[in-house]
Amino acid sequence: MKVAVCISGVIKLGNSLGSLQKYNQRIKEKFPNADFYYATWNNYKDEFTKTFPEEKGYFFNEPVIPYHPYIDMKKEDAISHHFIKRIEWAKNLSNDKKVWTSHHTKQMLIHAYLLKQIPECDIIVRARFDSFINKNANFAPYVEDTYSTGTIHGFAVTKPNMFNEFYDSPMKSGSKHENFMLDQLIIHRYDTFDPDNVLELHEQNKLHPAEWGWYQTLSYPGVNHKNHHGYINHDKNVLEKFMREHL
């Protein structure tokens, strides 16, 4: 089994106690036999080279998003009634939050750009530069399950005070998590994610944002994923006590 860990996004530390280099070391410990690939936008190239001098990075022009992926999404293009509620939620955000959420499709786009560059493999592990992993995490069973069954596994800590807890989402029929994928770390088969489909959805103003977009591009229209709470979160949302315990 050939595994590729694909780390992408912006080069940005969200927690003053942390270290992007140490996060990178931790994820390498968790996937010791994987090949590692990194991608960021061209305007972060110098920061990447400075932060990860021994790693090879891929650099892309940051795309212009011509639509707001929540507010401007047509209801007939929404992947579920749960997302239609999210459209209404976004309309009431502050202007700063509207700007922030307008970038939420870029994580799927940069993953697509990167996968078009790397060699074909069996399993892809997607993570962020600021992904902070619980030192007790064990992703090996999920890599094996993805390889053997094709099931996509998504991970995140959804309640900051439960960073040391681990539990599965009940994937009940009609629940939000049927159409929503936890995305701090995602394990999927290489052939499950079609970069060209992502780019086409983007060009048609139909690419969904964030957790909804990962579901849309990996599991939709069925339910071929499982969500797991625990093991990993972006460092900005990790409480100080857990940073000190697990760094």
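Note that the structure is a prediction, hence the values are computed from the model and not measured.
Atom CD of E76 has more than 12 neighbouring heavy atoms from other residues, nucleotides or ligands inside a 6.0 Å radius. Within a 6.0 Å radius of NZ in K22, other residues, nucleotides and ligands contribute 12 heavy atoms or fewer. The environment of K98 atom NZ is dense: over 12 non-hydrogen atoms of other residues, nucleotides or ligands sit within 6.0 angstrom. Taking a 6.0 Å sphere around CG of D196, one finds it holds more than 12 heavy atoms contributed by other residues, nucleotides or ligands. Under a cut-off of 6.0 angstrom, the local environment of OH in Y147 is sparse, with at most 12 non-hydrogen atoms contributed by other residues, nucleotides or ligands.
Atom NZ of K226 and atom CZ of F155 lie 11.0 Å apart (nearest 0.5 Å). Atoms OG1 and CG, on T40 and L114 in that order, are 11.0 Å from each other to the nearest 0.5 Å.
Taking the six-membered ring where tryptophan is involved, the planes of Y70 and F83 are essentially parallel, since the angle between them stays under 30° and well short of 60°. The aromatic rings of Y23 and F132 sit perpendicular, their planes meeting at an angle over 60°, well past the 30° parallel limit.
H68 and S102 are not linked by any side-chain donor-acceptor pair at a separation below 3.5 angstrom, with hydrogens and angles left out of the test. Between the side chains of Y38 and N24, a donor-acceptor pair is found at a separation under 3.5 Å.
Here M171 is tied into one hydrophobic group with V223, each link being a pair of ILVMFWY side chains closer than 4.5 Å.
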